[in-house]
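What follows is one structure encoded as structure tokens, with my remarks underneath.
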Number of protein chains: 2
Amino acid sequence: MASLETISSIDTAPRHPIRLVANRTGLTVDLIRAWEKRYHVVDPARSDTKRRLYSDYDIERLRLIRIAKQNGRRLVDVAPLTLEALRDVVSEDSRYDQAQDNQAEVYRPSWTSPLESSDTQDDIDAMLFAVQTMDQHRFDQLLQEGLVKQSLPAYLETVIGPLLREIGESTRLGKLRIAHEHMATAHLRTFIGALRFRETYTGNEPKIVITTPTGQLHELGALMIAALVSVDGWLPVYLGPNTPADEIAACALQSGARVVSLSLTYPADDPRIPTELTRLRTQLDGKIPVFIGGSAAAHHQPLIDRLGLIAPSTLNGLRQSLNALRDRGYKEQTA
Amino acid sequence: MASLETISSIDTAPRHPIRLVANRTGLTVDLIRAWEKRYHVVDPARSDTKRRLYSDYDIERLRLIRIAKQNGRRLVDVAPLTLEALRDVVSEDSRYDQAQDNQAEVYRPSWTSPLESSDTQDDIDAMLFAVQTMDQHRFDQLLQEGLVKQSLPAYLETVIGPLLREIGESTRLGKLRIAHEHMATAHLRTFIGALRFRETYTGNEPKIVITTPTGQLHELGALMIAALVSVDGWLPVYLGPNTPADEIAACALQSGARVVSLSLTYPADDPRIPTELTRLRTQLDGKIPVFIGGSAAAHHQPLIDRLGLIAPSTLNGLRQSLNALRDRGYKEQTA
DNA sequence: GCAATGTTGTCCCAGTTTTGTCCAGACAAA
DNA sequence: TTTGTCTGGACAAAACTGGGACAACATTGC
């Protein structure tokens, strides 16, 4: 369980003091207590000296309730909702034009463990079949259904990632036409792009610039990262693919981003990559870390080491590094 | 299965406070109450402390009434209509809106104007400012709000189209950085892509393949077309940008599409365009018409004429041609 | 063309409910 | 000691309600 937890769960272990919760949610300490007193919005555990201790789950709920209120909901109405119900309410409110999710009845705790791999593979196969038959509607349906079954990070790692690889592979082998790949890519671009907006923002999130460097035209990896980090309370500044180093640096500085993350996939050995990465590293204030992800990152390991960039090997590794960074930032801030 | 039902039927359970309704419809709280007082436009349920509680059905009605009013309808006339009747009225108006010719039949008071152009320009300026300050959240908010104010086709034509042109222009003039343009483009890609899914599909819609030919990397025009035709009951098979002619043809044949639509923007004089268009025309069964849209279509007028392609000069022209085609197809089918 | 009338969005009022902030005194942590 | 958190309560701002006033504008009748 513990290993899976890291991918998919929102931790329910109580450990955060109220101040951190206030910081992360954008609420005041007083308000959090008042909500608890009046509506039992949260029921935090206590330390042996009666200090409130909140879990990640609580924080996420409070964040969502804050947004729900901004959208015009009344506290009385949203206070008793579960995290999942809140997600639905908030995403419906902030994007009421989105395809109405019809799975309200399905109870899916966010700590749901990832699907059995065979199950997942079946899903992926079904998706590939839908692509092959150009059945967009079915494809979309499968994507939506798959998302219901697991948490977003787990879904990206176990379904979307493998699906992308298989589509690429099948096209190279001639099992899929270019037209099929195009359709699937376009559809996934829309789908993953929309995922980001399932999350909600308070305005206090640290920013992260996400893009791909010059020459890297495939954006889906970067987009997945944007969706992923949204879950953990980052605000992605997403620039799409193929951004020159100068522009990335300018954007990071203008937006006040805490981190930059790049995705490298294809072509893996583009000669511009070393130039661009070096240029980016020198232009950025040394305080802004640069993360490198994507399948082609391994090709540039020496360069990455030399420049002091960070290249976690998995999506989950990236996620953990970022979370550590974010929480470190919190400590510095209050120290 | 149940999915279609849940999508198309609107919940009548009263649960939304008036503030939320105001947010979603773009009306003010005062106005909603005034309409209720004067015309019983809605008759919301009440909480135990007399607070108004609206249903999804109410909200949708208010939204449509707002649009109907913008189209020049009088409140007295539309207030008693059911949701379905309102839908008819609004969609009828939106057709006449842009068919500037024969609007004589419809009663339209003199103050009718879809949206004051100055108003629209203000919105666009605000969006440009949000882009310039890299305020994605604001940008998204403005896009959403704009959409509430008018019907989707009108919105695409009066806001999104001009916005795209101004972003391109500003970037060329150096008023925006490339990073800004990238951010805006990426964001719009997500936004427009999601628009298509506002519509609900029955499975009987005629299909239309939408893409851009080889060398044309800008996909937003094509994506706008996909969103646009969805409104009129087409099912877009969207392939993203840069699709070779052979693949377009294969896709059209495999999916049984009735029409193909291409968007040409940049580079306008790409030498591959004539080759690709010719190739496409010959590979497609003569029965499948090919529409050409986009700012660069004019550069290829002789070619378009020679190949017998169709190039309406505006989005609305395209829309009308397609509707005519669809209805003609329908008649043949039933005759 | 002008006056009377109708339509419509906005604002104000006074009373109620809901919600955010503040305070005081006690205790715990750094 | 200083700072932060705890409980319980007080207070004030914001939001909602019903009612009505009013100005801007369009329509209608002359």
Side-chain angles (χ1 to χ4, degrees), chain A residues 14-54 58 62-63 65-80 202-203 330-335, chain B residues 14-54 58 62-63 65-80 107-113 115-116 119 148-149:
Chain A
R15 44 208 175 86
H16 307 295
I18 195 169
R19 184 49 163 287
L20 182 141
V21 179
N23 255 321
R24 190 119 17 117
T25 57
L27 302 166
T28 66
V29 172
D30 271 328
L31 193 48
I32 296 171
R33 279 198 291 258
W35 282 3
E36 178 188 335
K37 183 162 52 177
R38 291 172 183 155
Y39 306 101
H40 306 285
V41 167
V42 283
D43 180 22
R46 298 298 182 115
S47 75
D48 42 8
T49 57
K50 298 216 222 174
R51 301 281 159 120
R52 290 172 174 81
L53 292 175
Y54 297 84
D58 293 329
L62 286 168
R63 279 186 57 221
I65 288 179
R66 177 176 192 250
I67 306 294
K69 271 195 62 66
Q70 249 163 15
N71 288 336
R73 297 277 168 192
R74 296 187 317 165
L75 206 34
V76 209
D77 296 329
V78 289
T202 64
Y330 159 73
K331 279 183 192 153
E332 282 165 10
Q333 186 185 353
T334 55
Chain B
R15 47 208 180 88
H16 310 291
I18 194 170
R19 168 53 64 85
L20 179 118
V21 180
N23 278 347
R24 284 205 193 174
T25 58
L27 301 166
T28 66
V29 172
D30 270 331
L31 194 48
I32 296 172
R33 276 199 294 260
W35 284 2
E36 177 188 336
K37 183 162 52 178
R38 291 170 181 155
Y39 308 101
H40 305 284
V41 167
V42 283
D43 180 22
R46 297 302 181 112
S47 77
D48 41 8
T49 54
K50 300 218 251 179
R51 304 280 157 126
R52 290 173 173 81
L53 293 175
Y54 297 83
D58 294 330
L62 285 168
R63 216 177 66 80
I65 288 179
R66 187 195 166 164
I67 293 176
K69 268 196 65 71
Q70 236 145 23
N71 287 337
R73 300 278 172 183
R74 294 187 321 169
L75 201 36
V76 214
D77 298 331
V78 290
Y107 168 63
R108 298 167 69 81
S110 55
W111 71 85
T112 300
S113 60
L115 207 57
E116 275 308 308
D119 200 1
V148 174
K149 295 187 193 163

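Residue numbers begin at 1 in each chain, while the letters A, B, ... track the order of the sequences.
For the helix from C:dG1-D:dC30 to C:dA30-D:dT1, the angle separating the two terminal helix axes comes to 50°, with each axis derived from five pairs and the value rounded to 10°.
In the region residues 41-49 of chain A, proximity to DNA chain D at under 4.0 angstrom, judged on heavy atoms, holds for A:Arg46. Interface residues of residues 28-36 of chain B facing DNA chain C, ordered by number: B:Thr28, B:Asp30, B:Leu31, B:Ala34, B:Trp35; criterion, heavy-atom separation under 4.0 Å.
With sequence neighbours left out, the salt bridge (Lys or Arg N to Asp or Glu O under 4.0 Å) criterion links A:Arg74 to A:Asp77. Partners of B:Arg52 under the side chain to side chain donor-acceptor pair (under 3.5 Å) rule, at least two apart in sequence or in another chain, are B:Glu36. Scored by the side chain to side chain donor-acceptor pair (under 3.5 Å) test, A:Thr28 finds no partners at all (sequence neighbours excluded). With sequence neighbours excluded, the residues that form a side chain to side chain donor-acceptor pair (under 3.5 Å) with B:Arg33 are B:Asp30. By the side chain to side chain donor-acceptor pair (under 3.5 Å) test, B:Arg15 pairs with B:Asp56, sequence neighbours left out.
How far NE2 of B:His16 is from CG of B:Asp58: 9.0 Å, rounded to the nearest 0.5 Å. One distance of note links CH2 of B:Trp35 with CG of B:Leu27; it measures 4.5 Å at 0.5 Å rounding. Note that the CZ atom of B:Arg73 and the CD1 atom of B:Ile67 stand 13.0 Å from one another [nearest 0.5 Å].
Distance A:Arg73 CZ to C:dT19 C1': 18 Å, rounded to the nearest Å. Rounded to whole Å, atom C1' of D:dG4 lies 14 Å from atom CG of A:Asn23. Atom CD1 in B:Ile18 sits roughly 20 Å away from atom P in C:dT16 (whole-Å rounding). Across the protein-nucleic acid pair, B:Arg74 atom CZ and D:dT27 atom C1' stand 9 Å apart, rounded to whole Å. One can place NZ of B:Lys69 at 14 Å from P of D:dC25, the figure rounded to the nearest angstrom. If you take OH of A:Tyr54 and C1' of D:dT5, they are 10 Å apart, rounded to a whole angstrom. Rounding to whole angstrom units, CG of residue B:Leu27 and P of C:dG9 are separated by 9 Å. One atom, CG of B:Leu62, and another, C1' of C:dT8, lie 16 Å apart when rounded to the nearest Å.
B:Thr25 and B:Val148 get closest at one heavy-atom pair: O-CG1, 3.1 Å. A:Gly72 and B:Pro17 get closest at one heavy-atom pair: O-CG, 2.9 Å.
For D:dG18, one of the phosphate oxygens OP1 or OP2 lies less than 4.0 angstrom from a side-chain nitrogen or oxygen of B:Arg52. B:Tyr39 has no side-chain polar atom (N or O) that falls below the 4.0 Å cut-off from OP1 or OP2 of C:dT7.
Taking 4.5 Å as the limit, some side-chain heavy atom of B:Arg19 sits within range of a side-chain heavy atom of B:Asn23.
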What does the list of N/O pairs under 3.5 Å between the protein and nucleotides 9-15 of chain D look like, with a distance for each?
unit_1: D:dG9; atom_1: N7; unit_2: A:Lys37; atom_2: NZ; d: 3.2

Give me the distances for all protein-to-nucleotides 4-6 of chain C N/O pairs that come in under 3.5 Å?
none

May I have the list of side-chain donor-acceptor pairs in residues 39-47 of chain A shorter than 3.5 Å, sequence neighbours left out?
unit_1: A:Arg46; atom_1: NH1; unit_2: A:Lys50; atom_2: O; d: 2.8
unit_1: A:Ser47; atom_1: OG; unit_2: A:Thr49; atom_2: N; d: 3.1
unit_1: A:Ser47; atom_1: OG; unit_2: A:Thr49; atom_2: OG1; d: 3.1
unit_1: A:Ser47; atom_1: OG; unit_2: A:Arg51; atom_2: N; d: 3.1

